[in-house]
Amino acid sequence: MSEKSIIQVKNLSVSYGNHQVLKNLSIDIPDNKLTAIIGPSGCGKTTLFKTFNRLIDDTDGIKVSGEVLVNGENIYGKDIEITHIRKKMGLLNQRPTPLPMSIFDNVAFGMRLQGLKDKKELAAKVEHYLRLASLWDELKDRLHAPAAALSIGQQQRLCLARGLAVEPEIILGDEPTSALDPISTQHIEQKFKELKEDYTIIMVTHILRQARRLADYIVFMYLGEIIEHGPTDEIFNNPQQKLTQDYVKGVFN
Amino acid sequence: MTNKRNSFRILADKLSGKVFLTFAVIACSLILLILAGLSFKSYPLLKHVSLFKVIGSSIWAPADGKFGLLPFILSTFLITILATVFAVPVCLLASTYIVEYASNTVRNLIMPVVDILAGIPSVIFGIWGVLVLVPFVSFLGKTFNIATEGYSILAAALVLAVMVFPVLINIFTEVLRTVPNDLRDSALSLGATKWETISKVIYRKAAAGLFAAVILGFSRALGETIAVLMVVGNSPLIPKSIFGMGYPIPALIANNYGEMMSIPMYDAALMTAALILFIIILLFNAAGRLVLIKLEKN
Ligand SMILES: Nc1ncnc2c1ncn2[C@@H]1O[C@H](COP(=O)(O)OP(=O)(O)OP(=O)(O)O)[C@@H](O)[C@H]1O
Ligand SMILES: [Mg+2]
């Protein structure tokens, strides 16, 4: 593969205590593409995700070895400022997690942390990012209502807007539609399709059809190892490994 | 056979609701019964002097038939508020450390110690207060040139603060632990530092629960008797400063109930004091509940 990659994982191993969850993984995630990570439950997808923005650091008894390079910079290096790494990646969780504050403050949260104080500019940016997540028209009259009052689907799009507002390069979605109804799922999928023009998107999904619909690139994991990765077409139509074949055919449990 | 069994199940289901209701009613009416009993016992005094006069008057001279309860009410509030002011920040920071920073090993070492603290009888805290806190307050007085006997509002507040530690820490940690990890991850991934995540997101998410814990701790402090009584000096005058002596209501009742009953109205005056304490606690809890409802709406 000659394409440019944004994240390079090199010999990454992760253990919780004595339980090794990721076993010497190496992979390049292509830039400006939508990559889907698939694999059975418990194979380490979330764990891999958490190493990308070092959210894994806070876990008790965690051991990480190997390298993760983002734009060529080892994020496990010595002089790395961790908030700087995390700002590069917007995160969508399985269940939406609105911050306990108003809709406006949710979107403004990251920008305020970066020192943006000017009210006009803040309001303009909040509007911009709410529009980007197709929420502005629905919510413009109740910006100061608590975010928890929104529907689950709206909350997830708010989380997307909030993540985009810190101007990340990468969007991480850990099963971002699994708690949503079909319409809201479609909203998010549509957004992802639009956003992948400008961002690198990496998502975990259990829905193979979703991976097929959205992804340019597929990573298949099994029991803490990467079995196979490649362009979506190849993985689904012409997988090289028996395991991958079984998984994408759904003869797996 | 199955039919019989089914009808029995339905009957049991119907009955269980009624049984629970009965117990709930009994529990609630207990409050009314206590209130009625105390009012009845206070009546001999309140028939002569109005409740407001008793509350507003500061002269406590039972032999002369003067039963002003203001010094006791003030002491009660002063000690409790001060104890809460001491205890809440310490416990909040301790609980934050336990939940957000400590490793499992450290956490498993600290929590049992907190539980031991909860199991120590108040008399022991009282003795500790007399041996350690009273001299400590004297020392403070000497250092800063403030007149004090050591036995003081301040000493009582400090004892009380330590006594509510376990309650507060236990509930605070419980409440902080209910904040989902995904929320922490979200704040962190927006570029927040750990402390920004805690102070701007976690405390806010947990606000209602934390507040409920404070109410519980405060209520507990309002009624604490023995340990406070041992270090507060028990002087029935309006406290001049926190270095002066005080005499909170529970101490007044515990010290005098069943004694000097030859003095007319003495018994009724103590019951009035109990009634007032009871009403304070009820009002306080009601107010707390209102704030809680408001907080939960957010
Ligand atoms: N905090 C933790 N402490 C100990 N073990 C953990 C922890 N988190 C995850 N694990 C273990 O690591 C393994 C991988 O978990 P992970 O959450 O990464 O899987 P996953 O692929 O995301 O699964 P799912 O599809 O169900 O979300 C599992 O065996 C899990 O039990
Ligand atoms: Mg997962």
Side-chain angles (χ1 to χ4, degrees), chain A residues 16-17 46 49-50 52-62 81-102 105-115 145-149 155 158-159 161-168 170-172 174 179, chain B residues 92 95-112 172-214 291-298:
Chain A
Y16 295 105
T46 300
F49 250 49
K50 287 188 167 181
F52 291 166
N53 53 8
R54 293 190 56 178
L55 281 175
I56 197 103
D57 292 20
D58 284 329
T59 317
D60 223 30
I62 195 82
E81 213 231 311
I82 205 160
T83 56
H84 167 73
I85 300 289
R86 289 184 180 146
K87 270 186 325 215
K88 287 188 186 172
M89 302 184 206
L91 177 70
L92 280 185
N93 286 305
Q94 191 166 352
R95 295 196 62 79
T97 50
L99 303 173
M101 47 189 81
S102 72
D105 290 341
N106 259 275
V107 184
F109 186 81
M111 297 189 281
R112 283 190 174 128
L113 288 179
Q114 289 174 38
Q155 285 181 16
L158 180 67
C159 292
R162 172 182 83 183
L164 293 174
V166 291
E167 297 176 351
I170 304 168
I171 298 168
L172 300 174
D174 193 351
Chain B
L92 187 58
S95 311
T96 305
Y97 172 75
I98 292 169
V99 176
E100 306 291 340
Y101 292 91
S103 66
N104 275 336
T105 333
V106 174
R107 190 172 14 242
N108 293 340
L109 280 174
I110 296 180
M111 290 318 280
F172 279 171
T173 50
E174 243 5 88
V175 169
L176 291 177
R177 244 191 286 235
T178 61
V179 175
N181 267 329
D182 278 357
L183 193 64
R184 290 184 179 86
D185 288 353
S186 298
L188 291 171
S189 70
L190 292 168
T193 60
K194 187 151 183 165
W195 174 241
E196 283 164 344
T197 302
I198 292 169
S199 59
K200 291 183 180 170
V201 176
I202 296 181
Y203 284 163
R204 220 189 251 234
K205 181 78 182 175
L210 295 175
F211 182 78
V214 174
V291 177
L292 204 60
I293 289 170
K294 250 195 118 146
L295 277 176
E296 271 168 355
K297 275 209 185 113
N298 285 336

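Just so we're clear, the structure is a prediction, and the values are computed from it rather than from any experiment.
Taken from OG1 in T96(B) to CD1 in I198(B), the straight-line distance is 6.0 Å, to the nearest 0.5 Å. Taken to the nearest 0.5 Å, the CG atom of L55(A) stands 11.5 Å off from the CD1 atom of I85(A). We find the CG-CD1 distance between N53(A) and I170(A) to be 9.0 Å, quoted to the nearest 0.5 Å.
Across every non-hydrogen atom of E100(B) and K194(B), the tightest pair is O-NZ, 2.8 Å. Between A192(B) and T83(A), the shortest heavy-atom distance links the atoms O-CG2, 3.9 Å.
Contact of K88(A) with chain B is not made at all, since no heavy-atom distance falls under 4.5 Å. For a residue to count as touching a neighbouring chain, one of its non-hydrogen atoms must lie under 4.5 Å from one of that chain's; by this rule K200(B) touches chain A with backbone and side chain alike. Both the backbone and the side chain of R162(A) come within contact range of chain B, judged by heavy atoms closer than 4.5 Å. For a residue to count as touching a neighbouring chain, one of its non-hydrogen atoms must lie under 4.5 Å from one of that chain's; by this rule P168(A) does not touch chain B. If you measure heavy-atom distances from M111(A) to chain B, you find no contacts under 4.5 Å at all. Using a 4.5 Å cut-off between heavy atoms, D58(A) touches chain B through its side chain atoms alone.
Contact annotation: the side chain of I110(B) approaches that of Y97(B) to within less than 4.5 Å [non-hydrogen atoms, C-beta and beyond]. Counting only heavy atoms from C-beta outward, the side chains of D57(A) and I62(A) never approach each other to under 4.5 Å.
Residues D60(A) and N104(B) bring a donor and an acceptor atom of their side chains to less than 3.5 Å of each other.
Of all residues in residues 175-188 of chain B, those placing a non-hydrogen atom less than 4.5 angstrom from a non-hydrogen atom of chain A are D182(B), L183(B), D185(B), S186(B), A187(B), L188(B).
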